[in-house]
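Contents: one structure, followed by commentary.
Chain A is the first sequence line, chain B the second, and so forth, proteins listed ahead of strands; every chain is numbered from 1. Computed over heavy atoms, backbone and side chain alike; hydrogens, waters and symmetry mates excluded.
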There are 2 protein chains.
Amino acid sequence: MKAKYITIIDIARQLNISKSTVSRALTGHPNVNEQTRKAVLELAASQEYQRNSLALGFSRHKTHTVGILVPEFMSTYFPSVIVGAQTVLQEAGYNVVICQQNESYETEVANIKLLLSYRVDGIIVSHTKETRNFDHFTLAQRIGIPLVFFNRIPEDMNVPGVVVNDYEAAFQAVEHLIKIGRKCIAHLAGPESLVNSRLRRQGYIDALKKYNIPYNPDLVLSYDLTMEKVKIYMKHFLDLATPPDALFAINDPTAIAAMEVVKAAGLRIPEDIAIVGFSNDFSAELVYPGLTTMAQPTSDIGRTAANMLLQEMHAKVMNDYSIKKAPTVTLPTKLIIRDSTVKKEQPSLVKKRKGRI
Amino acid sequence: MKAKYITIIDIARQLNISKSTVSRALTGHPNVNEQTRKAVLELAASQEYQRNSLALGFSRHKTHTVGILVPEFMSTYFPSVIVGAQTVLQEAGYNVVICQQNESYETEVANIKLLLSYRVDGIIVSHTKETRNFDHFTLAQRIGIPLVFFNRIPEDMNVPGVVVNDYEAAFQAVEHLIKIGRKCIAHLAGPESLVNSRLRRQGYIDALKKYNIPYNPDLVLSYDLTMEKVKIYMKHFLDLATPPDALFAINDPTAIAAMEVVKAAGLRIPEDIAIVGFSNDFSAELVYPGLTTMAQPTSDIGRTAANMLLQEMHAKVMNDYSIKKAPTVTLPTKLIIRDSTVKKEQPSLVKKRKGRI
DNA sequence: CTGTTAGCGCATTCAC
DNA sequence: GTGAATGCGCTAACAG
């Protein structure tokens, strides 16, 4: 079972010309007789010639393809960033391939090597929560493949990246909870391995400090982002002698899972517990009650990362980040207040419909 | 700015052996002295040799890579199918690259050609809603690249595919609405270009027929799946002289967008209008009220498609679907009943929390 | 304007 | 157990 592809040699033979001429005609090289070009293009079309990018990339050392690596895409965050990045890259004439890690470190390493072995021209990446060893990334750097990180950036690597103001955003989220009168604020934090988890956690701590609310470590749990854990940890919070009256969750899926637990326990949101998430996933608006959250400009993040990568790839001389500070762009977040912290109205207060029942 | 990769020639030179030996050592060929092999492997590791898959695929005509093409991934449906497929393919030793079309026909054609030009060994695909010309797919077939479709299958092509029982599922969904006493059931249908849209629509019509409910074409609107349209069409339904008391939506995002309109109009769900979606997206469970929907076994769909593709790729002789019927697997759906059709309880009826307010 | 040649990195003959 | 030679499809440098 072998695929049969037409090659420029096939075309050359049929036209009794050399493969170079075919190549020139096909690539739009100026020095080619119009009639010859026409003949070549017609034959190529009729025979469904498909350029062999393998051979091309192989001989040119350029593939015009970039890879995007994401740890997962079950929330809307990563897909949405990808769409933003892809738009920019396609406009710039690059092909885009996406690899998805399932939050597995091994898959991440394999995928980076896959992309390297396919000689992509650049990589946009957000690492998995398991990733503690970054050798596969420094490898890419050493080889000279431009890398741009977003969202999750390895902290001991000097790499270009796009982030949001995690610290300030968390601070602001907690400040919001304090301003609506909450005093006992729990935090379901992400894994310590993720820089943004730690930043958000610090924002939480410092907001408490600013308002003279004692920081109680028992109210902070770092977890591995698997939804089953949320149930356990949230129950734990509710079972405390003085349970929290508010929760700041590391992200929206966490917040939403926590809401389930709270509702199942017969408590009211936001009256008994106010909840704030992070990212403004698609679901944040849908869940009941609507989830207050720090919105991330996902599409912008993707576009920015793509533009940074383009710059890296087009640089005359490879940027050497072992001797030079890598650029980092920080994009703003925005607090979206919904019913999970400030109730606007009873959703079931409805006017009678017209017409038949 | 040129990436510098180590090649087997570099290694051969340093070890004063031939590149053939290096190649053999690297690929685990038996006929190689243990010491030589060890030396090669060590040097390769220390110099961070990265096999050039371009060269390899180029010379071997096999890339051990499969592509997955999806029209979009803003709902959880496609990502979830991808994860299922990827799991199976990785276990079978294949690399997986994903391409996303943004529902654009041009991007789809470009991406298919991209994958062909990279000589992937097989492709799993769901076409865009815009796709009416399937030449790019038949091209892949003619070249001999196995193709497996899922969800959206071109109807005039004989290709292997994985679908769900769209007709029966729609029938069942509408039957459910009828059984809870609805008599005036609207249907927000998908584009006519999609086979599953038409099947679901027919299921809707036939369910009405079975229960002797007259089919009213005014209650059916086909639309292009852009969420803005839902608002317009749903308002139109509500403004009818006798507005519907139920809605069957082509998919969950449509149902959820419709719910917004209904709620904004001050109507109650399900009392005034009962709503059923399709697919059981992540959001179906979260939205308020919970959305009744026909669940699709997304992960299974992905795994099944992957397994079918593996069979195609491993076939000794390429299956010629111009002379032979292509296999189609139909997976079952399951009706998930939630509050959008049958209300179980008031969610805000809560017991008093213990402890402090 | 066009043909010839070389070379990209690798596995795989065929020799020895 | 190892080396030399070949070819995969293409572009580019060099001749003409």
Side-chain angles (χ1 to χ4, degrees), chain A residues 2-41 43-44 47-65 113 116-121 143-144, chain B residues 2-41 43-44 47-65 113 116-121 143-144:
Chain A
K2 188 159 143 248
K4 46 179 200 301
Y5 285 95
I6 297 289
T7 75
I8 54 170
I9 299 188
D10 297 326
I11 297 181
R13 247 195 300 261
Q14 293 178 61
L15 257 37
N16 259 320
I17 56 180
S18 80
K19 60 179 182 156
S20 318
T21 306
V22 176
S23 168
R24 280 189 278 257
L26 251 22
T27 51
H29 192 94
N31 277 356
V32 117
N33 181 301
E34 258 325 301
Q35 300 205 356
T36 320
R37 181 192 307 281
K38 193 151 163 276
V40 169
L41 292 181
L43 193 61
Q47 309 235 329
E48 298 177 321
Y49 166 77
Q50 300 300 313
R51 138 194 281 166
N52 185 336
S53 293
L54 246 32
L56 181 55
F58 172 50
S59 106
R60 298 282 297 280
H61 298 281
K62 277 271 159 272
T63 55
H64 262 73
T65 302
K113 300 217 166 162
L116 291 182
S117 81
Y118 276 107
R119 303 302 193 250
V120 295
D121 293 347
I143 286 173
Chain B
K2 187 158 145 254
K4 50 178 197 304
Y5 284 95
I6 297 290
T7 75
I8 55 170
I9 299 187
D10 297 325
I11 297 182
R13 246 195 300 262
Q14 293 177 63
L15 256 36
N16 258 319
I17 56 179
S18 78
K19 58 177 185 156
S20 318
T21 307
V22 176
S23 169
R24 279 189 278 256
L26 252 22
T27 50
H29 191 96
N31 276 357
V32 104
N33 180 300
E34 257 326 300
Q35 299 206 355
T36 319
R37 182 193 306 280
K38 195 154 162 273
V40 169
L41 292 181
L43 193 61
Q47 309 235 329
E48 299 177 320
Y49 166 77
Q50 300 300 314
R51 138 192 278 162
N52 185 336
S53 294
L54 246 34
L56 183 53
F58 169 51
S59 100
R60 300 288 299 283
H61 299 282
K62 276 270 160 277
T63 55
H64 263 72
T65 302
K113 301 217 165 163
L116 290 182
S117 79
Y118 275 107
R119 303 303 193 248
V120 294
D121 294 345
I143 286 174

What verdict does the side-chain contact (heavy atoms from CB on, under 4.5 Å) test give for A:Asp121 and A:Thr65, after you've listed the backbone C-alpha separation in whole Å, the side-chain angles of each residue and the deciding distance to 0.1 Å? CA-CA 6 Å; A:Asp121 293 347; A:Thr65 302; 6.0 Å; no
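A donor-acceptor pair is defined here as one N or O able to donate and one able to accept, closer than 3.5 Å; such a pair exists between the side chain of A:Arg119 and the backbone of A:Leu116.
Between B:Gln47 atom CD and C:dG9 atom C1' the separation is 16 Å, expressed in whole Å. The distance between atom NZ of B:Lys19 and atom C1' of C:dA11, rounded to the nearest whole Å, is 9 Å. Atom pair A:Glu34:CD and C:dC1:C1' shows a separation of 12 Å (rounding to whole Å applied). Summarising the geometry, the separation between CG on A:Asn16 and P on C:dT4 is reported as 11 Å, rounded to the nearest angstrom. One can place CD1 of A:Ile11 at 17 Å from C1' of C:dT2, the figure rounded to the nearest angstrom. C:dC10 atom P lies 17 Å from atom NE2 of B:His29, rounded to whole Å. We find that OH of B:Tyr5 is positioned 16 Å from C1' of C:dC10, with the value rounded to whole Å. The distance between atom CD1 of A:Ile9 and atom C1' of C:dG3, rounded to the nearest whole Å, is 14 Å.
Here the nucleotide nearest the side chain of B:Ser18, chosen from C:dT12, D:dT6, D:dG3, is D:dG3. In the set C:dG3, D:dG3, C:dG9, the nucleotide with an atom closest to the side chain of B:Ile17 is D:dG3. When the nucleotides C:dC14, C:dC8, C:dG3 are ranked by their closest atom to the side chain of A:Phe58, C:dC8 comes out on top. Residue A:Asn33 places its side chain closer to C:dT2 than to any other of D:dG9, C:dC10, C:dT2. Of the candidate nucleotides C:dA6, C:dA11, C:dC10, C:dC10 has the atom nearest to the side chain of B:Ala55. When the nucleotides D:dA4, D:dG1, C:dC8 are ranked by their closest atom to the side chain of A:Ser59, C:dC8 comes out on top.
One finds no side-chain N or O of A:Tyr118 lying less than 4.0 angstrom from the OP1 or OP2 phosphate oxygen of C:dG9. Between B:Thr21 and the phosphate of D:dG3, there is a side-chain N or O to OP1/OP2 separation shorter than 4.0 Å. Remark: B:Arg51 is in phosphate contact with C:dA11, judged by side-chain N or O atoms under 4.0 Å from OP1 or OP2. In this structure, A:Ser20 does not reach the D:dC10 phosphate: none of its side-chain N or O atoms is under 4.0 Å from OP1 or OP2. In this structure, A:Arg24 does not reach the D:dT11 phosphate: none of its side-chain N or O atoms is under 4.0 Å from OP1 or OP2.
Of the two residues near DNA chain D, B:Val32 and B:Arg119, the one whose nearest nucleotide lies more 5' is B:Val32.
For the residue pair A:Ser20 and A:Ser23, no side-chain donor N or O sits within less than 3.5 Å of a side-chain acceptor on the partner.
Using a 4.5 Å cut-off on side-chain heavy atoms (C-beta onward), A:Ile11 and A:Ile6 make contact. Residues B:Arg51 and B:Leu56 meet the side-chain proximity criterion, which asks for heavy atoms closer than 4.5 Å. In this structure the side chain of A:Asn52 never reaches within 4.5 angstrom of the side chain of A:Phe58, judged on heavy atoms.
Using a 4.0 Å heavy-atom criterion, one finds that A:Ser23 contacts the bases of the nucleic acid, with or without backbone contacts as well. As judged by a 4.0 angstrom heavy-atom cut-off over every strand, B:Asn31 is placed among the base-contacting residues. A:Ile8 comes within 4.0 angstrom of a nucleotide base, judged by non-hydrogen atoms across all strands.
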